[in-house]
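In what follows, a single structure is set out as structure tokens and then discussed.
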Amino acid sequence: MKNIAYFNIPYFKTGLLIRIVLIVFLAPEIQTDWFLPFISHFIDQPSFDPWSDFLLVNENYRAYPYGFTMLFSHTPLVLLGSFIDDFIKLSFFENLGLKATILIADFIVFSLLVKLYPNNSEAITTLYWLSPIVLFVNYWNGQTDIIPVAILLYAITLTKKNHMIASGLTLALAVTAKHSMLIVIPFFAIYLYKNKRYRRAFFPFLFSFFSALVLLVIPAIFSSGFVEMVLNTPETERIYHFAIPLGPEINIYVTPIIYVLLLYSMWRISWISFDVLMASIGLGFFALILLTPSPVGWYLWLLPFLIGYLLKKNEYSNFLFGTFTFLIICYHSMFSFGAQINYFEYDLIFELDKMSSYMNIHSRSLWVTLITTFGGLLSWRLLREEILKNKIYLIGTNPIAIGISGDSGAGKDTFGASLAGLFGKHSVSYVSGDDYHVWDRYGGMWNALTHLNPSANYIHKFCRDILALLERKSIYCRTYEHTTGLFSEPKLRKGNNVLIASGLHTLFSKSLSDKFDVRVFLEPSDQLRYFWKYQRDVNARGSNIESVSASLKKRQSDAQRYIHPQKKRADIIFQLIPLNQDNVSPFNPEQNFDDVRLKLQVTIKGRVYYERLSKVLIGLCGISLEKHFTNDNDNVTLTIEGDVFAEDMSLAIQSLNLTFTELLDIYPVWKDGMLGLMQIITILHLDETMRVRKK
Ligand SMILES: Nc1ncnc2c1ncn2[C@@H]1O[C@H](COP(=O)(O)OP(=O)(O)O)[C@@H](O)[C@H]1O
Ligand SMILES: O=C(COP(=O)(O)O)[C@H](O)[C@H](O)COP(=O)(O)O
């Protein structure tokens, strides 16, 4: 990740200056009266059971409701501050050490957000760095929720980078900093399990999380002080406040029900993108915060998960978020801990307490109702904009569909298999037209009909099965074995996130063709196709030169009649042409494929990614590329020559910044040669199509 010049970000210095002023002039009561006495006691008398030891000398069991990770986060700078205080006989730097720890965590959250949402640093400065909620909680109220939030956000960035074991370990640190972070774990687990590209990381993630959690909690779990100060805190009790009486001494607790319903809804999503994970965690926090009388520190948890939504600047988002912020600050100024003002005799806390005394139960409850209302509206918009409209979420109900057509031996299955290697076979359902031949190789009808004639194929079942798979229904389909020329017994095939259909008649039906997101037609030069077909049919399908020659001759009229007309329905037409024509002897099955150097002519319809693609390919691969626009200017034909390697394609796709990088497998399998170019062009076309796809 490139280094970011934070001081060049507009208003960053303003936010930093505000923090320094607040740190110098404010002394949050909760820090001076609760946290610091506990931390100081631990520094003076280090112990494996600081909670019980503290309660021996101080009866405030609410002084420090946190675990070891929070304590070890606070201690270093407080310890340094206490050394300085002892040396200069002051009591300033110990307090400053705690505030500096909060400032560091505050900056870490900011920098992680800037890295999670690149090219949005100015907006994130406004939304987070200058957020009144962040400033209020960290520097006026004095809660240290920013520390578990920073650890949680770091775990999320590790997840985004596919470092799942490190993410599990880091999440254990977040939970042992503040155990309410436990509510996030099921969201991560569902994300990893439901995302087929991560499923193999599911158990390692859980193992690393629980191992670290056990190691970090074991020393404390047998401590009565830990149980009383950390586990049995009033905060834990808050989830029981929203209760519906069911009978004498029996209540239904609403908050856990809403939380479980959220988890169930997330579980039902077929393909969970990173944005959907972030929004789901945000909704989980909203449920806990809006349905309980939550301390103001809990609102800090929300911000990183609202940023993704707020950055999109949907209408009303600023109004809703601004009003929500205003209501929270006003309410918690009167009803939450505050800070003494250093160097001034003015007691602002007293003044705010006086204001709170003017509010009766109705006005206070009305205010909380307003906060809940605006929080509920923000939750709804988070759900609708970040989940229900999320393009990858919509794949769950409307899988990606790629249709590949072309003449026999044109390279359809080779190309289709290469695309499946990019998405990951775990996410692809593959339909081959050959499986829908009416007869097997030994059927007598092949004397009358060729394979290219639609009447020799169950075209209707081919279309019906594809449509069923696109509705995520399962189908029963047999397989044509080219090695034996016979069909297998029908087997169950299930719908998946990506459907790839490859066959002689894939684009034959207009209604089916319209269902594909990307339609590809392969049209290698006849000389090359013959070369490929001879090689394959003789070497891999038990045929001989004479029968292949007869088949090619017999199929010419059907190819003109049934195959070539499909070309007009294609979005992308790939034409592969041998550079050294003399090296391609169609009738020599012994010849090596590798001797045949190819150039690619590709016609692209209705998409404009070729400009940025051309720059990247020329820059990265050193290929030669000519552009030719058709007269209607809607199509462009690129002629590409040169040596292309799989690793170049992998680098090229990264520098092309796909909108939907998550469509690809964690380690997509790129190909060398012109096949690699065909892969990257198809993926780019799909990426642009997904951007405008409505459902
Ligand atoms: N891009 C390519 N580069 C090199 N060889 C290819 C390429 N595409 C196909 N082939 C070869 O050509 C033959 C026919 O390809 P295949 O995918 O079976 O065609 P189809 O499915 O259209 O009948 C195969 O032996 C395959 O190895
Ligand atoms: O024309 C085709 C279609 O497949 P493709 O488009 O892959 O060439 C094949 O020759 C038939 O499926 C028969 O196969 P076989 O020769 O194995 O009986």
Side-chain angles (χ1 to χ4, degrees), residues 403-421 430-443 445-446 449-454 456-458 462 478-487 500-508 520-544 547-552 554-556 558-559 562-563 566 574-579 584 586 589 591-602 640 644 646 670-682:
I404 306 166
S405 185
D407 204 337
S408 174
K412 301 184 295 296
D413 285 340
T414 305
F415 175 58
S418 77
L419 291 181
Y430 197 97
V431 178
S432 172
D434 292 355
D435 297 339
Y436 293 83
H437 290 330
V438 174
W439 306 287
D440 64 30
R441 187 178 291 166
Y442 310 98
M445 284 300 290
W446 294 124
L449 292 173
T450 75
H451 292 74
L452 280 52
N453 188 321
N457 298 273
Y458 290 117
F462 177 70
R478 57 187 189 171
T479 302
Y480 182 79
E481 300 297 341
H482 284 287
T483 47
T484 62
L486 299 171
F487 290 106
I500 297 174
S502 157
L504 295 165
H505 304 96
T506 308
L507 304 180
F508 181 73
V520 180
F521 190 85
L522 302 185
E523 192 184 40
S525 70
D526 277 347
Q527 185 190 24
L528 180 63
R529 185 171 68 85
Y530 291 1
F531 170 72
W532 280 347
K533 187 161 171 65
Y534 276 104
Q535 289 261 336
R536 180 197 68 185
D537 287 6
V538 170
N539 296 337
R541 292 189 177 181
S543 190
N544 58 55
S547 60
V548 175
S549 303
S551 162
L552 285 168
K554 185 179 176 187
R555 292 178 173 190
Q556 278 181 345
D558 279 354
Y562 301 114
I563 308 301
Q566 296 177 51
F574 289 119
Q575 295 167 309
L576 284 166
I577 302 148
L579 281 175
V584 181
Q591 183 171 3
N592 187 333
F593 275 139
D594 296 339
D595 301 342
V596 182
R597 283 174 53 78
L598 302 171
K599 75 174 176 181
L600 174 65
Q601 265 186 347
V602 50
I640 305 171
V644 176
W670 294 97
K671 295 292 186 183
D672 291 329
M674 294 302 141
L675 194 53
L677 286 178
M678 293 161 67
Q679 287 180 302
I680 200 168
I681 290 168
T682 307

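In listed order, ligands and their atoms are each counted from 1. In what follows, residues are counted from 1 in the order of the sequence shown.
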For this session: Could you tell me whether ligand 2 has any atom less than 4.0 Å away from a heavy atom of Asp537?
Result: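 Heavy atoms of Asp537 never come under 4.0 Å of ligand 2.
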Exercise. At a non-hydrogen distance cut-off of under 4.0 Å, which region of Asp407 contacts ligand 1 (side chain, backbone, both, or neither)?
Worked result: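 Asp407 to ligand 1: backbone contact only, side chain stays beyond 4.0 Å.
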Exercise. With under 30° as parallel and over 60° as perpendicular, where do the rings of His451 and Trp446 fit, or are they tilted in between?
Worked result: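 Aromatic pair His451/Trp446 classed parallel.
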Check: [Y] main-chain N/O paired with [X] side-chain donor or acceptor under 3.5 Å:
{"X": "Gln679", "Y": "Ser418", "value": "yes"}
{"X": "Asp435", "Y": "Tyr480", "value": "yes"}
{"X": "Asn453", "Y": "Leu449", "value": "no"}
{"X": "Gln566", "Y": "Tyr562", "value": "yes"}
{"X": "Ser502", "Y": "Ser432", "value": "no"}
{"X": "Asp537", "Y": "Ser543", "value": "no"}

Go through ligand 2 atom by atom and flag the ones less than 4.0 Å from a non-hydrogen atom of [X].
{"X": "His482", "answer": "12 (O), 14 (O), 15 (P), 17 (O)"}
{"X": "His437", "answer": "3 (C), 11 (C), 12 (O)"}
{"X": "Gly409", "answer": "8 (O)"}

Testing the 3.5 Å rule here: is there a donor-acceptor pair between the side chains of [X] and [Y]?
{"X": "Tyr534", "Y": "Ser549", "value": "yes"}
{"X": "Asn544", "Y": "Ser547", "value": "yes"}
{"X": "Ser551", "Y": "Arg555", "value": "yes"}
{"X": "Asp413", "Y": "Tyr430", "value": "yes"}
{"X": "Lys533", "Y": "Ser408", "value": "yes"}

Looking only at protein heavy atoms, which one is nearest to [atom], and what is the separation?
{"atom": "atom 18 (O) of ligand 2", "result": "Tyr480 OH, 2.5 Å"}
{"atom": "atom 3 (C) of ligand 2", "result": "Asp434 OD1, 3.3 Å"}
{"atom": "atom 13 (C) of ligand 1", "result": "Trp532 CB, 3.7 Å"}
{"atom": "atom 27 (O) of ligand 1", "result": "Phe593 CE1, 3.8 Å"}
{"atom": "atom 13 (C) of ligand 2", "result": "His451 NE2, 3.3 Å"}
{"atom": "atom 8 (O) of ligand 2", "result": "Ser408 OG, 2.5 Å"}
{"atom": "atom 21 (O) of ligand 1", "result": "Asp413 N, 3.0 Å"}
{"atom": "atom 9 (C) of ligand 2", "result": "Arg541 NH1, 3.6 Å"}

Problem set entry | Closest to atom 7 (O) of ligand 2 among Lys412, Arg536, Arg555 (heavy-atom distance) |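 Checking each option, the heavy atom nearest atom 7 (O) of ligand 2 is found in Arg536.
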Exercise. Of Leu522, Leu504, Thr414, Ile404, which has the heavy atom at the shortest distance from atom 15 (O) of ligand 1?
Worked result: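 When every heavy atom of Leu522, Leu504, Thr414, Ile404 is considered, Thr414 comes closest to atom 15 (O) of ligand 1.
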Could you tell me whether [X] and ligand 1 have an N or O pair separated by under 3.5 Å?
{"X": "Ser408", "result": "no"}
{"X": "Phe415", "result": "no"}
{"X": "Ala410", "result": "yes"}
{"X": "Arg536", "result": "yes"}
{"X": "Gly411", "result": "yes"}

Exercise. Got a salt bridge between Arg529 and Asp407, using NZ or NE/NH1/NH2 to carboxylate O under 4.0 Å?
Worked result: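 Salt bridge present between Arg529 and Asp407.
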Problem set entry | Nitrogen or oxygen atoms of Asp413 and ligand 2 under 3.5 Å apart |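 By distance alone, the answer is no.
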Exercise. Non-hydrogen atoms of Gly406 versus ligand 1: any pair closer than 4.0 Å?
Worked result: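 Under 4.0 Å: no for Gly406.
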